[in-house]
Amino acid sequence: MGPNGEQVGIVAIRKALDLARESELDLVEVAPQAKPPVVKLMDYGKFKYESAQKAREARKNQANTALKEIRFRLKIDEHDYETKKGHVTRFLTGGDKVKVMIMFRGREQSRPEMGVKLLNRLAEDVSELGSVESAPRVDGRNMVMVIAPAKSKADAKAESRKASAGAKGSRAEVKSRREREAQAKAGTHSEDSSEQAD
């Protein structure tokens, strides 16, 4: 291939090297397995830089969903429940799955319906942020349920970036307003002191 992507055809190696020197480009082998091998005239440094930029951008947009775990006790106090529900909300908002586990002790194991009731209450409370991926099931002395987020991790990251950029802008507005108020106060103080001097 030529410098502008056009087909040159089958050319001797010496002639291909001369073409590369004339156009001040590199001769890069694209398909070495082909008969005859396919080469391309290109600026190899620029090509490597652009491919590295694309890879960096892809990694930036890539997001791995993690599985977070929250443990409850069957006899949980209302305040503790609200605190743990807040953690679940934060994880789901961040785009992570949440594994909710209720640990049973002693006689509590004979009352699995109480665990199901608690897990269903939690699922209802966070229903706008996520949905139940796996229903409550008994796993030894524990009962487990998995809640999947409504938004993907990438969407949640993009949304948090926008929110933080908006927060920075509002902080700058508050700062400039404070500066204007301080200047206005300084102006009134100087006027008062000049009136007293008269």
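Taking the side chain as every heavy atom from C-beta outward, L129 and T89 approach each other to under 4.5 Å.
A salt bridge links K85 to E82: at least one charged side-chain nitrogen sits closer than 4.0 Å to a carboxylate oxygen.
Evaluation of the side-chain hydrogen bond (donor to acceptor under 3.5 Å, both in side chains) rule for D80 yields no partner, not counting sequence neighbours. For D18, the side-chain hydrogen bond (donor to acceptor under 3.5 Å, both in side chains) partners are R21, not counting sequence neighbours. In this structure, R137 has no salt bridge (charged side-chain N to carboxylate O under 4.0 Å, His left out) partners at least two apart in sequence or on a different chain. Scanning for side-chain hydrogen bond (donor to acceptor under 3.5 Å, both in side chains) contacts around R71 gives E69, with sequence neighbours left out. Remark: Y81 pairs with D125 by the side-chain hydrogen bond (donor to acceptor under 3.5 Å, both in side chains) rule, at least two apart or across chains. Every residue meeting the salt bridge (charged side-chain N to carboxylate O under 4.0 Å, His left out) condition with E78, not counting sequence neighbours, appears here in chain and number order: R121. Looking at residues two or more places apart in sequence or on another chain, you find no salt bridge (charged side-chain N to carboxylate O under 4.0 Å, His left out) involving D26. Residues that satisfy the side-chain contact (heavy atoms from CB on, under 4.5 Å) test with V88, not counting sequence neighbours, are I70, L92, V98, L122, V126. Among residues two or more places apart in sequence or in another chain, the salt bridge (charged side-chain N to carboxylate O under 4.0 Å, His left out) test is passed with K84 by none.
Pairs engaging residues 99-119 under the side chain to side chain donor-acceptor pair (under 3.5 Å) rule: R111-E113 [sequence neighbours left out]. Judged as a side chain to side chain donor-acceptor pair (under 3.5 Å), not a single pair has a partner in residues 138-150 (not counting sequence neighbours). Here salt bridge (charged side-chain N to carboxylate O under 4.0 Å, His left out) pairs that include residues 44-53, with residues two or more places apart or in two chains, number zero.
For the residue pair I102 and R73, the shortest heavy atom distance occurs at CG2-C, 4.4 Å.
A donor-acceptor pair under 3.5 Å links the side-chain atoms of T83 to the main chain of H79, judged by distance alone.
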